[in-house]
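Have a look at the structure below, then the notes.
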Amino acid sequence: MQANGAGQGQESSELSCLNSAQNGESSSAGGTHSNGLLSSTDNGNSVGTSNGSSAGPGTGTSATSTASSSEVGSLKKKKRLSQAEEDVIRLIGQHLHGLGLNQTVDLLMQESGCRLEHPSATKFRNHVMEGEWDKAENDLNELRALMHSPNAIVRMKFLLLQQKYLEYLEDGKVLEALQVLRGELTPLKYNTDRIHVLSGYLMCSHAEDLRAKAEWEGKGTDSRCRLLDKLQTYLPPSVMLPPRRLQTLLRQAVELQRDRCLYHNTKLDNNLDSVSLLLDHVCSRKQFPCYTQQILTEHCNEVWFCKFSNDGTKLATGSKDTTVIIWQVDPESHQLKLLRTLEGHAYGVSYLAWSPDDTNLIACGPDDCSELWLWNVQTGELRTKMSQSHEDSLTSVAWNPDGKRFVTGGQRGQFYQCDLDGNLLDSWEGVRVQCLWCLSDGRTVLASDTHQRIRGYNFEDLTDRNIVQEDHPIMSFTVSKNGRLALLNVATQGVHLWDLQDRVLVRKYQGVTQGFYTIHSCFGGHNEDFIASGSEDHKVYIWHRRGELPIAELTGHTRTVNCVSWNPAIPGLMASASDDGTVRVWGPAPFLDTQEADGLNELQ
């Protein structure tokens, strides 16, 4: 694997590995170096121990002795290590050096005939870490011939002089620092904006002030290591390996395996200590919310909507039976129990929206409902019952991120912005709204309408623009937390994923049965990597966001599944509402085999 775009051709072969078994040349001047990066070889004789056989006395029969001699001879004639093998040895050597196992590194380099980095790079590293800036500058001249970019030398010199300047300032050597600024940094004619910033540090009254303003660790090992990491980016990997290269490759491998894991639904941890490198990463379907944990039967008619609160501690369900039920989620068992029932919605409840702080809940009815109900969830009291006109149809609602306003509308052409008391703040005439969403900017409202599109409306400057255009009616939509993606349930087509920023259709998910019923899908799981939707074939479908085919089809409901909600705080908890009058709560398999559970925990 290449780093920084630098090639590793003939130069790499000459610089990174000298096979002493083949040419009998020493890889350095002899002796163990204090930095553990270079070591000598003894004309390749020491490599005879690498095959695990002894060539000394007491080896047994003459046949064994002859075989041993033959093996030593073959080692001397062995072919040169491949480029990949050299790279692996250097990566291992760098990692061992970082652990302080310098003698082991010396032996590894000696036996393999490789060297970790070019001698000029080693010398440069030592001078940087010791703060010998003049010598480090001279080393750059030696490195110049080994570099692919002629401009890199100027950039590296600038970084060196910047560190030198800051260390002089911290030591109180203002005159010396000023000389570096005027006589060395400025003549480079590079990054003049940064030079102006550096000159301002001359006014710092003490070292702490300097470190704070420069966002710098101060003179010492930490800042010089950070400097060296920056300097290494300009050097070809054949000369000096990028910092912690093996860890970087391992981390990338772990991340790739996680990305390819269909059921990975736990928090991403980039720390290699949290995973086993000895096994491939595999998540079991049994840890995924594919199993019915609870069936809630308190509603006595079709359940049209369900939605977890933003903090994941409650679930609200709305039904044709005229009630909203608030359920409490147990933080340990993840079981739901009835908290309170909100009654009196004569037309039934087809849509619910939690306020950003979860203190209030708005309930809407079906097409022939002109009322909107705003409840205080904590007290169970009805705060506002809003109706502008008996001819209105208020079927959808969305909260402004400030929690002080909301927008509502319906298919009869109403589109209002109101305060918490139901007072009308703004209105947009003639927009037949099917579904609404407020973006995080606090100004833009997305509305799907009867023209098979989603448009963005700005209530402040009264502008609107087209964002999504479909060929069939958009029955509902929801937006990802970052506001970038929209998930649409499209009549007769199914579930579509749109990129709102680029205004392009990203993916069409297969399997779901979607006619002209209003079905609400959702994003879910850690990092919202998954998508779930109800279906008219009585199932719940789950997809990985990057795949068109479902990774799970959940059965159990006996009629159309109208809505699915994924708990935003508990990635393994999901709820679905159905015309069969039940709400199903989905979670991992209730019992895992002990050995399997231990293995899964190791991989997480």
Side-chain angles (χ1 to χ4, degrees), residues 262-263 285 288-290 302-307 350-351 366-367 395-396 411 433-437 446-455 466-481 484-525 528-566 574-580 584 586:
L262 290 179
Y263 299 108
R285 189 179 188 273
F288 205 67
C290 296
E302 298 173 358
V303 187
W304 288 339
F305 200 82
C306 63
K307 185 71 174 178
S350 62
Y351 196 84
D367 289 343
T395 57
S396 185
Q411 291 194 13
V433 173
Q434 177 73 23
C435 192
L436 293 165
W437 194 275
L446 302 183
S448 61
D449 56 31
T450 53
H451 297 285
Q452 305 167 3
R453 64 190 180 182
I454 295 177
R455 292 178 65 80
N466 205 42
I467 297 178
V468 169
Q469 182 66 60
E470 283 279 2
D471 296 327
H472 298 81
I474 300 171
M475 307 308 295
S476 70
F477 76 94
T478 186
V479 178
S480 60
K481 289 179 181 178
R484 179 72 186 261
L485 301 173
L487 195 61
L488 285 59
N489 282 74
V490 183
T492 71
Q493 302 301 300
V495 181
H496 292 180
L497 182 69
W498 280 78
D499 187 313
L500 297 178
Q501 182 173 313
D502 295 337
R503 304 185 191 182
V504 294
L505 176 63
V506 177
R507 195 160 286 111
K508 295 181 179 181
Y509 297 102
Q510 301 178 20
V512 67
T513 303
Q514 169 78 63
F516 287 91
Y517 285 109
T518 299
I519 293 177
H520 300 271
S521 55
C522 67
F523 293 95
E528 294 191 323
D529 282 333
F530 303 98
I531 284 165
S533 178
S535 177
E536 293 180 21
D537 63 3
H538 315 164
K539 297 178 183 178
V540 174
Y541 287 82
I542 302 178
W543 301 266
H544 197 286
R545 200 171 68 192
R546 290 189 298 273
E548 295 182 357
L549 298 176
I551 61 173
E553 298 177 17
L554 313 186
T555 58
H557 287 294
T558 57
R559 293 182 63 189
T560 295
V561 181
N562 299 307
C563 183
V564 180
S565 180
W566 210 305
M574 190 172 63
S576 58
S578 170
D579 282 346
D580 64 11
R584 282 187 175 250
W586 308 88

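This is a predicted model, so every value here is computed, not measured. Residue indices begin at 1 and follow the sequence shown.
With hydrogens and angles ignored, the 3.5 Å screen pairs no side-chain donor or acceptor of Thr478 with any backbone N or O of Cys522. Ser480 contributes a side-chain N or O that, together with a main-chain N or O of Leu485, makes up a donor-acceptor pair within less than 3.5 Å. Distance alone, capped at 3.5 Å, is enough to place a donor-acceptor pair between the Gln469 side chain and the His451 backbone. A donor-acceptor contact shorter than 3.5 Å links the side chain of Arg584 to the backbone of Gly556. Between the side chain of Ser578 and the backbone N or O of Thr560 there is at least one donor-acceptor pair closer than 3.5 Å. A donor-acceptor contact shorter than 3.5 Å links the side chain of Arg503 to the backbone of Asn466.
Side chains of His538 and Thr555 form no contact here, defined as non-hydrogen atoms less than 4.5 Å apart. The closest side-chain heavy-atom distance from Val564 to Ser576 is below 4.5 Å. Ser350 places none of its side-chain heavy atoms less than 4.5 Å from the side chain of Thr518. Looking at heavy atoms from C-beta onward, Met574 lies in side-chain contact with Leu554 at the 4.5 angstrom threshold. A heavy-atom distance below 4.5 Å is found between the side chains of Leu488 and Ile454. Between Trp437 and Ser448 there is no side-chain heavy-atom pair separated by less than 4.5 Å. Contact annotation: the side chain of Ile474 never approaches that of Cys435 to less than 4.5 Å [non-hydrogen atoms, C-beta and beyond]. Proximity of Pro366 to Trp304: side-chain heavy atoms (C-beta onward) are separated by under 4.5 Å at one or more points.
Just one residue in the list Trp543, Phe288, Tyr541 forms a ring-ring contact (aromatic ring centres under 6.0 Å, His included) with Phe530, and that residue is Phe288.
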Verdict with reasoning, Val561 to Ile519, per side chain to side chain contact (heavy atoms under 4.5 Å, CB included): CA-CA 7 Å; Val561 181; Ile519 293 177; over 6 Å; no
Intermediate values then yes/no, side chain to side chain contact (heavy atoms under 4.5 Å, CB included), Asn562 and Phe305: CA-CA 7 Å; Asn562 299 307; Phe305 200 82; over 6 Å; no
Take Phe477 and Trp498 through the test side chain to side chain contact (heavy atoms under 4.5 Å, CB included) and record every step on the way to the result. CA-CA 10 Å; Phe477 76 94; Trp498 280 78; over 6 Å; no
Start with the C-alpha distance between Lys481 and Phe523, add both sets of side-chain angles, then the distance that settles side chain to side chain contact (heavy atoms under 4.5 Å, CB included), and finish with yes or no. CA-CA 9 Å; Lys481 289 179 181 178; Phe523 293 95; over 6 Å; no
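Separation of atoms CZ (Arg546) and CD1 (Ile531) is listed at 11.0 Å; rounding is to 0.5 Å. Interatomic distance, CG of Asp579 versus NE2 of His557, reported as 10.0 Å (0.5 Å rounding). Annotation: the span from His472 atom NE2 to Gln452 atom CD amounts to 7.5 Å, rounded to 0.5 Å.
Nearest heavy-atom pair, Ser533 versus Ser521, reported as atom, atom and distance to 0.1 Å: CB-CB, 3.6 Å. When all heavy atoms of Lys307 and Ser565 are compared, the closest pair comes out as CA-OG, 3.6 Å. Closest heavy-atom contact between Ala552 and Cys290: CB-SG, 3.8 Å. Looking at every heavy atom in both residues, Val433 comes nearest to Ala447 through CG2-CB, 4.4 Å. For the residue pair Gly515 and Glu536, the shortest heavy atom distance occurs at N-OE2, 2.6 Å. Thr492 and Phe516 make their closest contact through CG2-CE1, 3.5 Å (heavy atoms, listed as atom of the first residue, atom of the second, distance).
Side-chain contact, Trp566 with Glu528: no donor N or O sits under 3.5 Å from an acceptor N or O.
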Counting only pairs under 3.5 Å, give me each side-chain donor-acceptor contact of residues 506-513, with atom names and distances, residues two or more places apart or in other chains.
residue	atom	partner	partner atom	Å
Arg507	NH1	Arg545	O	2.9
Tyr509	OH	Arg545	O	2.7
Gln510	NE2	Glu548	OE1	3.2

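Take Asp449 and apply the salt bridge (Lys or Arg N to Asp or Glu O under 4.0 Å) test, not counting sequence neighbours, and it matches Arg453.
Listed by first and then second residue, the salt bridge (charged side-chain N to carboxylate O under 4.0 Å, His left out) pairs that reach into residues 550-564 are Glu302-Arg559, Lys539-Glu553, sequence neighbours excluded.
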